[in-house]
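Data first, discussion second: the structure below is written as structure tokens.
Quick caveat: nothing in here was measured; it's all calculated off a predicted structure.
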Amino acid sequence: MARRSEILVGAAIGLGMTARAAADGGADFLLALNAGRLRVMGAPSLAAMLPICDSNPFTDAFARREILDRVAIPVFFGAAACDPRIDLAALLRRIRAAGYSGVTNFPTAIHHDGAFRAALEGAGLGFAREVEMLRLARELGLATLGYAKTRAEVDAMLAAGVGHLCLNFGWNAGGSMGIPGGVPLEDAAERARRIFAHVRRVARGTLCLVEGGPIVDPSHMIRVCDASRADGYVGGSTLDRLPLEMSVMQTTSAFKTARLLRAEVVADAPRIAGLIGRSQAARALAQRIARLVATDLPILIEGEPGAGRTSVARAIHVASRRSGNLTLLDAREDIAARLFGEAGRGLLALSQNTVVIEQADALAPTLRTRLAEWIDRGTFERFAKPGERPPRARLLLTHPPGGEALARALSAQRLVVPPLRERMEDLPLLARAMLGGAGRGVPTLEPAALRLLMAQTWPGNLRELQELLLRAATEARDGRIDAALLERLLGPATAAPDPQVMDERAWILDALRRHRFRRGETAAFLGIARKTLYNRMRRLGLET
């Protein structure tokens, strides 16, 4: 065991692999509990309280096979005392003979209350029997760890002479199977402080431990232990279920995003310099551009603000193989002189140039008329020489969604740039390209951070994404952008209260968007039943 000046850490587990990992991580002792085994089988810890197996043989079987001879630290046996058929003394002798260092009362009646708890106690199958079991265990030379919640339960354990008292705050919250806690962290710390002060007055040699409820990470443990001067902490779900869920989710995410981060271009998508993406929307855009650049027709580029209308205009200029300049003009300014020049020798008369009129919805009516005439006749003069086709620049116009009227007036071809939310499959490639332009020491996106980005709605489209990534790049540590950094930059409205819930929500949102919110296709993509998807959407607030 660790010295009293150190924080003891006990790991309540149900699998040999996690037992060895906990021991290698520095755990001071292990608790072999039926709840630990049920967790790794996919059930919540709460299932330990149900009559679904004969708890003691069930626990002993996996502990002997996977734990006892595999670790060098003490192992406490989680003994169920509620079975009236059990001879407690005989059970404890078998536990000692098997090589367990100690015994703890689990499953325990402290997780019951009300009439059912009263009935258990009245039948002699409740907490009092657990206390008697631990008293007998101490007499047989076994170490004892007693679970308790209330002051009365604590006093009963102290009277039995337990060596370790674990003040339990209920089932752990968090993750996919956690139970919402009813005890705030500050209340847990204060309760522990009062009870442990009493313990030290009554039984100074008893080690005081805390477990469960709102304590779901090391910072929570430190806060409670510091406030209450606890000797240590027992972790169950926090040491196996929560880290395992997160690790598997993160690793799976890394494999899923690896496909999205491939650099190759899909075979049926033309290569258009400056365009990034392999989604269906991006491929359709590239194919449309490839057809339009083969003509000299004016093009009206429609899209939401920040969707990349100007980037598409640049891509069209490059794809058109024009050797002249790309000139950007703002329709909200007086641009007539630059367009027409003197005697028809303005920008539109330079055949190798590309002229982009941005914010074309702000074009003055007179300017629209003059542009329509130029597009119709190819000249600004009222009468052109017979057979003459004056040189003309490529004309592009950018416009917010709804440019049908202007396109008809100018005989322009419409090119719609999809918003980011309709091409979320492209976000990993877009993010990598944007971070590549951030300068030296380009940071990398962790999988959870990437999935958080893919869970956003991005009303500001590519511009909003780029601004966020550039900010993150300046604050990233160790060359990595993680989900915590992005949550902080995105603000409290985006940050999720529970990382595991956030990850699942982001993952399901991503799948829904990929399949245009068709739930049947989404469920098949995720490999789950449709009903399971509906239930998860309801729990995560995604029904609408």
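Within a 6.0 Å sphere centred on CG of D69, other residues, nucleotides and ligands contribute 12 heavy atoms or fewer.
Between L31 and F106, every side-chain heavy-atom pair lies at or beyond the 4.5 Å cut-off. Side-chain contact between I52 and L38 is present, with at least one heavy-atom pair separated by less than 4.5 Å. Proximity of R64 to Y100: side-chain heavy atoms (C-beta onward) are separated by under 4.5 Å at one or more points. You'll find the side chain of L33 reaches within 4.5 Å of the side chain of T104, heavy atoms only. With a 4.5 Å cut-off on side-chain heavy atoms, M133 and I86 do not count as touching. F77 has its side chain out of reach of L142: every pair of non-hydrogen atoms, C-beta onward, lies at least 4.5 Å apart. H220 is not listed as a side-chain neighbour of P214, based on a closest heavy-atom distance of 4.5 Å or more. Counting heavy atoms from C-beta on, the side chains of P107 and S55 come closer than 4.5 Å.
With 3.5 Å as the limit, one finds a donor-acceptor pair spanning the side chains of S279 and D426. In summary, the side chains of T457 and R421 do not present any donor paired with an acceptor at a separation below 3.5 Å, with no hydrogens or angles considered. Judged by distance alone, the side chains of D231 and H164 never bring a donor and an acceptor atom under 3.5 Å apart.
A307 and P418 get closest at one heavy-atom pair: CB-O, 4.1 Å. Heavy-atom minimum distance, L533 versus R519: CD2-O, 3.3 Å. Nearest heavy atoms, A128 versus E121: N-OE1, 3.5 Å. The shortest heavy-atom contact between Q456 and L452 is NE2-O, 2.9 Å.
Here R135 pairs with E139 in a salt bridge; the nearest charged N to carboxylate O distance falls below 4.0 Å. Salt bridge status for R193 with E190: present, with a side-chain N to carboxylate O gap under 4.0 Å. D482 and R480 are not joined by a salt bridge, as no carboxylate oxygen comes within less than 4.0 angstrom of a charged side-chain nitrogen.
With hydrogens and angles disregarded, no donor-acceptor distance shorter than 3.5 Å links the side chain of Q466 to the backbone of L462. Side chain of E130 to backbone of A109: a donor-acceptor contact under 3.5 angstrom is found. Checked by atom type and distance alone, the side chain of R39 never pairs as donor or acceptor with a backbone atom of P44 at under 3.5 Å. Put simply, the side chain of D28 gets close to the backbone of V9: a donor and an acceptor are under 3.5 Å apart.
Separating the CG atom in L134 from the CG atom in L165 is a distance of 10.5 Å, to the nearest 0.5 Å.
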